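Have a look at the structure below before the remarks.
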Amino acid sequence: DGGITQSPKYLFRKEGQNVTLSCEQNLNHDAMYWYRQDPGQGLRLIYYSQIVNDFQKGDIAEGYSVSREKKESFPLTVTSAQKNPTAFYLCASRSSGTVIEAFFGQGTRLTVV
Amino acid sequence: LAKTTQPISMDSYEGQEVNITCSHNNIATNDYITWYQQFPSQGPRFIIQGYKTKVTNEVASLFIPADRKSSTLSLPRVSLSDTAVYYCLVGSNSNSGYALNFGKGTSLLVTP
């Protein structure tokens, strides 16, 4: 089954700890994205990557880091420097074609306790 | 990147046609206009994309005037299940990739 998979679905973290959210796609898409969504708010772009070993900061990259060592994988690390990490995190991917159709994973809900 | 402006929220009754307008005054020549739909606790889903004039698919129509500084997503005869947030995006592929900025979207509430 082709798609984009995020794990885990729910994640709890103690303050001061780093945590890594997984995002894997088997759609052979070039571009991948990470977003953060707070209750009642829109999506805010954290990082995106057009090709392997290259990525760009979005609007709210501070306190986050990413890597793109493989085309299929784009993990997001929420570091202790992120002041308010509790949120819903969404990963997406899309091909490089003209149609700007992104496919999203089911999301990871991160709670800092 | 072109900035977009949409209404924060809209209300409609079942069976009505809903039109959501998006302003994008600084749209570039190569930019496309794309609309997404998001239900709670899910990722957004692609609805429709256009460059100019009118585009129609099984879900919606997209109207783009000649100056392309705005666009209107039209949902015919909405049902309760069309209650969602709708996002307008403007952009294109570039050497550094396409940032896909969703903004705050328009929250549509459909009631009986």
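In this text, all values refer to a predicted model and were calculated from it rather than measured experimentally. Numbers restart at 1 for each chain; the letters A, B, ... are given by sequence-line order, proteins then strands.
- Applying a 4.5 Å heavy-atom cutoff, the residues of residues 77-93 of chain A that approach chain B are A/Phe88, A/Leu90.
- Most heavy-atom pairs under 4.5 Å with chain A, from the set B/Gln38, B/Lys104, B/Gln49, B/Gln42: that is B/Gln49.
- Under the 4.5 Å side-chain heavy-atom criterion for ILVMFWY residues, no single connected hydrophobic cluster contains both A/Val52 and A/Phe55.
- Most heavy-atom pairs under 4.5 Å with chain B: of the set A/Gly58, A/Ala31, A/Ala102, this distinction falls to A/Ala102.
- With sequence neighbours left out, B/Ile8 forms a side chain to side chain contact (heavy atoms under 4.5 Å, CB included) with no residue at all.
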Determine whether A/Asp59 and B/Asn101 satisfy the following criterion, side chain to side chain contact (heavy atoms under 4.5 Å, CB included), listing intermediate values before the conclusion. CA-CA 9 Å; A/Asp59 297 328; B/Asn101 289 297; 3.3 Å; yes
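- When heavy atoms are compared at a cutoff of 4.5 Å, A/Asp30 does not approach chain B at all.
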Let's go through A/Arg94 and B/Leu100 carefully: what are the C-alpha distance in whole Å and the side-chain angles of both, what is the deciding distance for side chain to side chain contact (heavy atoms under 4.5 Å, CB included) to 0.1 Å, and is it a yes or a no? CA-CA 10 Å; A/Arg94 63 174 282 257; B/Leu100 282 188; 3.8 Å; yes
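- Between A/Phe104 and B/Phe102, the gap from one ring centroid to the other is short of 6.0 Å.
- Residue-level contacts of residues 61-72 of chain A with chain B do not occur; threshold 4.5 Å between heavy atoms.
- By the rule that hydrophobic residues join a cluster once side-chain heavy atoms approach within less than 4.5 Å of another member, A/Ile60 and A/Tyr47 end up as members of one cluster.
- B/Met10 and B/Leu80 fall within the same hydrophobic cluster, defined by Ile, Leu, Val, Met, Phe, Trp and Tyr side-chain heavy atoms under 4.5 Å apart, directly or through other members.
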Under 3.5 Å donor-acceptor pairs involving side-chain atoms of residues 105-113 of chain A, not counting sequence neighbours:
unit_1	atom_1	unit_2	atom_2	d
A/Thr108	OG1	A/Pro8	O	2.6
A/Arg109	NH2	B/Ser41	OG	3.3

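- Here the shortest heavy-atom pairing between A/Leu45 and B/Ala99 reads CD2-O, 2.9 Å.
- A/Ile46 and A/Val19 fall within the same hydrophobic cluster, defined by Ile, Leu, Val, Met, Phe, Trp and Tyr side-chain heavy atoms under 4.5 Å apart, directly or through other members.
- B/Tyr87 places no side-chain N or O within donor-acceptor distance of the main-chain N or O of A/Gly42, the cut-off being under 3.5 Å.
- Contact between B/Phe46 and A/Ile100 at its shortest, heavy atoms only, is CD1-O, 3.8 Å.
- Linking ILVMFWY side-chain heavy atoms closer than 4.5 Å, directly or via other members, places B/Leu62 and B/Val78 in a single hydrophobic cluster.
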Checking B/Tyr36 against A/Tyr35 for the ring pair (Phe, Tyr, Trp, His ring centres under 6.0 Å) test, could you report, in this order, the C-alpha distance in whole Å, the side-chain angles of both residues, the deciding distance, and whether it holds? CA-CA 15 Å; B/Tyr36 283 77; A/Tyr35 295 90; 9.5 Å; no
